[in-house]
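Single-structure report; data block below.
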Amino acid sequence: MSTHTLKPQVHGIFDSATWTVTYVVHNGPGSAAAIIDSVLDYDHKSGRTRTTSADKVIDYVKANDLQVQWILETHAHADHLSAAPYLKQKLGGKIGIGDQITRVQKVFKDIFNLEPEFRLDGSQFDALLKDEEEFRIGELTARVMAVPGHTPACVAYQVGDAVFGGDTLFMPDVGTARCDFPGGDARTLYASIGKILSLPSETRLFMCHDYPPNNRPVAFETTVAEQRAKNIHVHDGISEAEFVEMRTQRDATLEMPALILPAVQINIRAGEMPPKEANGTAYVKIPINAL
């Protein structure tokens, strides 16, 4: 059966603190499920974590008697911490990410001068998923789509007629992902977006974030047809050169995400905290870029 034939059920849980949407995809009550792009609440002023957002996911899973097989990441997020280890402990399942995460690990091990024992082989995750690889979520078939550009390790997951694209695209009135993180590239992102928008026009696209303009309500589901017609950055007729020029100029004006320093250090570890030091406390590093 084609990966595009089935119409899975998709439940989105919006985290207003990070503007992130966590998805639970399944085939109905009592079925297998995957969780995509979970959030661990983090107060960067105090360094405290909470599980409020993740507990909403757990409540939904239990209310629908779902069996979690996968806890998936579309990439190593820079704007929120992953709750994958907490969800695995509570619900089971394997933590998966695109296999190019090893490239991101290498870059950030150097940037943060991480401990010598930090491995660069992706073994912190239960599964490294390759481009075009297929895997099962119960009766559903999922397909991995490599969509680099925002980061070199970004992937999308196609499950039936639904595609979970991470940060590659936003809602049409918001546009597309930035490309100025290490390993990001606007030309590569343009090609990745083209890959997604070449799918059938009725394909459902689920965004990882929403930043609503003009006080519109939060929204995170759209379609290939709507993106091709209305996306303010990359609708039909926008050339690669035009997109690269826009993206380069826009990215130069953007501030870094508030949680990028802790988020990246933790997310390249599959959501685990850094090793505790001699005093029993785990720390994240803040590089000082002195003048």
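The basis for the numbers below is simple: all heavy atoms, side chains too, and nothing from hydrogens, waters or symmetry mates.
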Looking only at atom types and distance, does a side-chain atom of [X] sit under 3.5 Å from a main-chain N or O of [Y], one as donor and one as acceptor?
X      : Y      : value
Asp65  : Pro29  : no
Trp19  : Pro212 : no
Asn27  : Glu139 : no
Ser192 : Thr188 : yes
Tyr23  : Met207 : yes
Ser38  : Ala83  : yes
Lys109 : Phe118 : yes

Between side-chain atoms of residues 86-95 and protein atoms elsewhere (two or more places apart, or another chain), which donor-acceptor pairs fall under 3.5 Å?
| from | atom 1 | to | atom 2 | distance (Å) |
| --- | --- | --- | --- | --- |
| Tyr86 | OH | Asp55 | OD1 | 2.6 |
| Lys88 | NZ | Asp126 | OD1 | 3.1 |
| Lys88 | NZ | Asp126 | OD2 | 2.9 |

Check whether any side-chain heavy atom of [X] sits under 4.5 Å from a side-chain heavy atom of [Y], and report yes or no.
X      : Y      : result
Gln227 : Leu169 : yes
His26  : Val159 : no
Asp79  : Ile260 : no
Thr74  : Thr168 : no
Ile266 : Val284 : yes

Once the angle between the rings of [X] and [Y] is folded into 0 to 90°, is it parallel (under 30°), tilted (30 to 60°) or perpendicular (over 60°)?
X      : Y      : answer
Phe164 : Phe206 : parallel
His80  : His209 : perpendicular
Tyr157 : Phe135 : perpendicular
Phe220 : Phe14  : parallel

I need the minimum non-hydrogen distance between [X] and [Y], along with the two atoms involved.
X      : Y      : answer
Lys285 : Gln265 : O-NE2, 2.7 Å
Asp167 : Cys208 : OD1-CB, 3.5 Å
Gln105 : Gly122 : OE1-N, 3.1 Å
Asp41  : Ser53  : OD2-N, 2.9 Å
Val24  : Ala33  : CG1-CB, 4.2 Å
Thr49  : Met273 : CG2-CE, 4.1 Å

Is it true that, when you exclude [X] itself, more than 12 heavy atoms of the residues, nucleotides or ligands shown sit nearer than 6.0 Å to its [atom1]?
X      : atom1 : value
Lys195 : NZ    : yes
Ile286 : CD1   : no
Arg119 : CZ    : yes
Asn215 : CG    : no
Arg48  : CZ    : no

Using 4.0 Å as the upper bound for N to carboxylate O, is an ion pair formed by [Y] and [X]?
X      : Y      : value
Arg178 : Asp180 : yes
Arg216 : Asp210 : yes
Arg269 : Glu115 : yes
Arg143 : Glu132 : yes
Lys230 : Asp236 : no

- Task: Start with the C-alpha distance between Ser201 and Arg228, add both sets of side-chain angles, then the distance that settles side chain to side chain donor-acceptor pair (under 3.5 Å), and finish with yes or no.
- Result: CA-CA 9 Å; Ser201 61; Arg228 293 185 64 165; over 6 Å; no
- Query: Where do Phe181 and His150 land on the ring-ring contact (aromatic ring centres under 6.0 Å, His included) test, with the steps shown first?
  - Reply: CA-CA 7 Å; Phe181 295 156; His150 174 56; 5.3 Å; yes
- When rounded to the nearest 0.5 angstrom, what is the spacing between CG in Asn64 and CG in Asp59?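 Here the rounded value is 11.0 Å.
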- Message: As an exercise, state the distance from OG1 of Thr248 to CG of Asp185, rounded to the nearest 0.5 Å.
- Response: 8.5 Å
- Task: Report the residues that fulfil side-chain hydrogen bond (donor to acceptor under 3.5 Å, both in side chains) with Asp121, sequence neighbours left out, ordered by chain and then residue number.
- Result: Ser123
- Verdict with reasoning, Ser239 to Glu242, per side chain to side chain donor-acceptor pair (under 3.5 Å): CA-CA 5 Å; Ser239 68; Glu242 290 172 320; 3.2 Å; yes
